[in-house]
There are 2 protein chains.
Amino acid sequence: MPKDKTIKRKDQITLIAQNKFREKGYRAVSMRELADHVGIEAASFYNHFDSKESILKEICFRMADEFFNRIEIVINEEKLPDKILEKAIESHIKVITANTDASAVFFLDWRYLSEPYLSEFLELRRKYENIFRKIIKEGMDKGLFEKLDETFTVLTIFSSLNWVYEWYDPKGRFTPDQIAENLSKLILDGMRK
Amino acid sequence: MPKDKTIKRKDQITLIAQNKFREKGYRAVSMRELADHVGIEAASFYNHFDSKESILKEICFRMADEFFNRIEIVINEEKLPDKILEKAIESHIKVITANTDASAVFFLDWRYLSEPYLSEFLELRRKYENIFRKIIKEGMDKGLFEKLDETFTVLTIFSSLNWVYEWYDPKGRFTPDQIAENLSKLILDGMRK
DNA sequence: TTGATTAACTAACATTTGTTAGCAAAGATA
DNA sequence: TATCTTTGCTAACAAATGTTAGTTAATCAA
C-alpha cells in the first residue's frame with residue numbers, strides 16, 4: 001500500500017480519537033468505541049498505533065509542535081514587547097481555534113500520559129510558558145508594563161487564553177481574529193502602565 | 001454507632017477521594033485504590049455511598065453550594081457594580097483556595113456525572129455565571145465598565161479565576177487575599193472605562 | 001509472477017472494573 | 001438482657017478493558 005494512504009488512515013484515526021476524547025475524556029473512551037466510529041475492529045488499531053496511549057501522545061505532541069512553530073515566527077518578526085505579546089496572543093488563539101478538539105485533549109488529557117512522555121510534555125509546556133514570561137519581563141523592564149509578579153501574570157494570561165477552546169464556535173459570533181483582539185485588549189489594558 | 005462518627009467517616013472518604021481524583025482524575029481512580037488509602041475494603045464503601053459516582057456527586061455539589069453561599073453574602077452587602085465585582089472575585093478565589101482538591105474535581109471531573117445530575121450541575125453553573133453576568137451588565141449600563149460583549153467578558157473572567165486551583169500553594173508566595181487583589185486589579189483595569 | 005508488506009479480521013487472553021450477597025462483630029437502644 | 005443498626009469483612013460476579021495471536025486478502029516492489 002502506498003505510504004500516503006497509510007498516513008491518511010492514521011490521520012483519520014487521530015481525528016476521530018480527538019473528537020471522542022474531547023467529548024468524553026480519554027479514559028472514558030474504549031478502543032472498541034473508537035473502533036466503531038472509525039469503522040474497523042479494535043484490534044486493527046494495532047496496525048497503526050502501538051497502544052491507546054500512543055494515540056494520545058500523537059495528539060498532545062502534535063499540538064505542542066503547532067504552538068511552537070507559530071510562536072517562533074512571531075518572535076522572529078516582531079521586536080517591541082507589547083507588539084510581540086499581542087502577536088503571541090494572536091498566534092496562540094489561532095492554534096486553539098483551528099484545533100478545538102485537539103486543544104481539549106491537549107489541555108485536559110495530557111495527564112494520562114505515562115513516563116517518560118509525561119515529563120517530556122511538561123518540559124515542553126514549561127519552555128513555551130517561558131517564552132511568554134520573557135516577553136513580559138522585557139516589557140516590565142522597559143517600563144511598558146506595570147511591574148507585577150511575572151509568574152502570576154503569565155499564569156493569568158494563559159488561563160484566559162486556554163479556556164477559549166471550551167466556548168469557541170466556528171459558526172459563532174466571533175472570528176479567531178476578533179477573539180484575539182478582544183483578549184489582547186483586555187489583557188494589555190490590565191497590564192499597561 | 002453515634003451519628004457524628006458516621007458523618008466523620010463519610011467526610012474522611014470524601015476528603016481522600018477529592019485528593020485522589022484530583023491527582024489522577026476520577027476515571028483513573030478505582031474503588032480498590034481509594035479503599036487502600038482509606039484503610040478499608042472496596043466493598044465497605046457501599047455502607048456510606050450508593051456508588052462511586054455518588055462520591056463524585058457529593059464533591060461537585062458541595063462545591064457548588066460553597067460558591068453560592070459565599071456569593072449571596074456579597075450580593076446582599078455591596079451595591080456598586082465595581083465594588084460587587086471586586087468582592088465577588090474575592091469570594092470566588094476564597095472558595096477555590098480553601099478547597100483546591102475539591103476545586104480540581106469540580107472543574108475537571110464534573111463531566112463524568114450521569115444524568116440527571118449532569119444537567120442539574122450545568123444548570124447550577126449557568127445560574128452562578130449569570131450572577132456575574134448581571135453584575136457586569138449593570139457596570140456597563142452605568143458607564144463604569146467599557147461596553148464589551150458580556151458573555152465574552154464573563155468567560156474570560158472565569159477563565160482566569162478558575163485556573164487558580166492549579167497553581168495556588170498555601171505555603172507559597174501569595175495569600176488568597178493577595179491573589180484576589182491582583183486578579184481584581186488585572187481584570188478591572190482591563191474593563192474600566 | 002513471486003515475495004513482502006499492509007491492514008483488516010476473528011478469537012481469545014488476563015486484568016481490572018464497579019458492585020452485590022452474606023456474614024460477623026461492635027455499639028446503641030429498648 | 002435482648003434487639004437493631006452500623007460498619008466492616010470475604011468471596012464472588014458479570015461486564016468491560018487493553019492487548020496479543022494467528023490468519024487472510026489485497027497491494028506494492030522486484
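Protein chains get the first letters and strands the later ones, always in sequence-line order, with residue 1 at the start of each.
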To the nearest angstrom, how far is [X] atom [atom1] from [N] atom [atom2]?
| X | N | atom1 | atom2 | value |
| --- | --- | --- | --- | --- |
| B:Tyr46 | D:dT5 | OH | P | 24 Å |
| A:Tyr112 | D:dG18 | OH | P | 13 Å |
| A:Asn47 | D:dG22 | CG | C1' | 13 Å |
| B:Glu41 | D:dC9 | CD | C1' | 7 Å |
| B:Ile40 | D:dT6 | CD1 | P | 16 Å |
| A:Tyr26 | D:dT17 | OH | P | 13 Å |
| A:Phe49 | C:dA7 | CZ | C1' | 14 Å |
| A:Asp50 | D:dT19 | CG | P | 9 Å |

Return the set of residues passing side chain to side chain donor-acceptor pair (under 3.5 Å) with [X] (not counting sequence neighbours), or none when no residue passes.
| X | result |
| --- | --- |
| B:Glu66 | none |
| B:Asp36 | none |
| A:Lys142 | none |
| A:Lys87 | none |

Q) Out of C:dT19, C:dT10, D:dT19, which nucleotide sits closest to the side chain of B:Ser51? A)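 Among the listed nucleotides, the one closest to the side chain of B:Ser51 is C:dT19.
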
State whether [X] places a side-chain N or O below 4.0 Å from either non-bridging phosphate oxygen (OP1 or OP2) of [N].
| X | N | value |
| --- | --- | --- |
| A:Arg9 | C:dA8 | yes |
| A:Ser44 | C:dC9 | yes |
| B:His48 | D:dG8 | yes |

Cut-off 3.5 Å, no hydrogens considered: what does the side-chain donor-acceptor table look like for residues 164-173 of chain B, sequence neighbours left out?
residue: B:Asp169; atom: OD1; partner: B:Lys171; partner atom: N; Å: 2.9
residue: B:Arg173; atom: NH1; partner: A:Asp149; partner atom: OD1; Å: 2.5

Distances under 3.5 Å only, N/O to N/O: pair up the protein atoms with those of nucleotides 15-17 of chain C.
none

Q.
Does B:Arg126 form a salt bridge (charged side-chain N to carboxylate O under 4.0 Å, His left out) with B:Glu129? I'd like the steps, not just the answer.
A. CA-CA 5 Å; B:Arg126 207 187 48 77; B:Glu129 283 172 4; over 6 Å; no

Q: Fit a plane to each ring of B:Tyr128 and B:Phe158, take the angle between them on a 0 to 90° scale, and name the class: parallel (under 30°), tilted (30 to 60°) or perpendicular (over 60°).
A: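 Ring orientation of B:Tyr128 relative to B:Phe158: tilted.
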
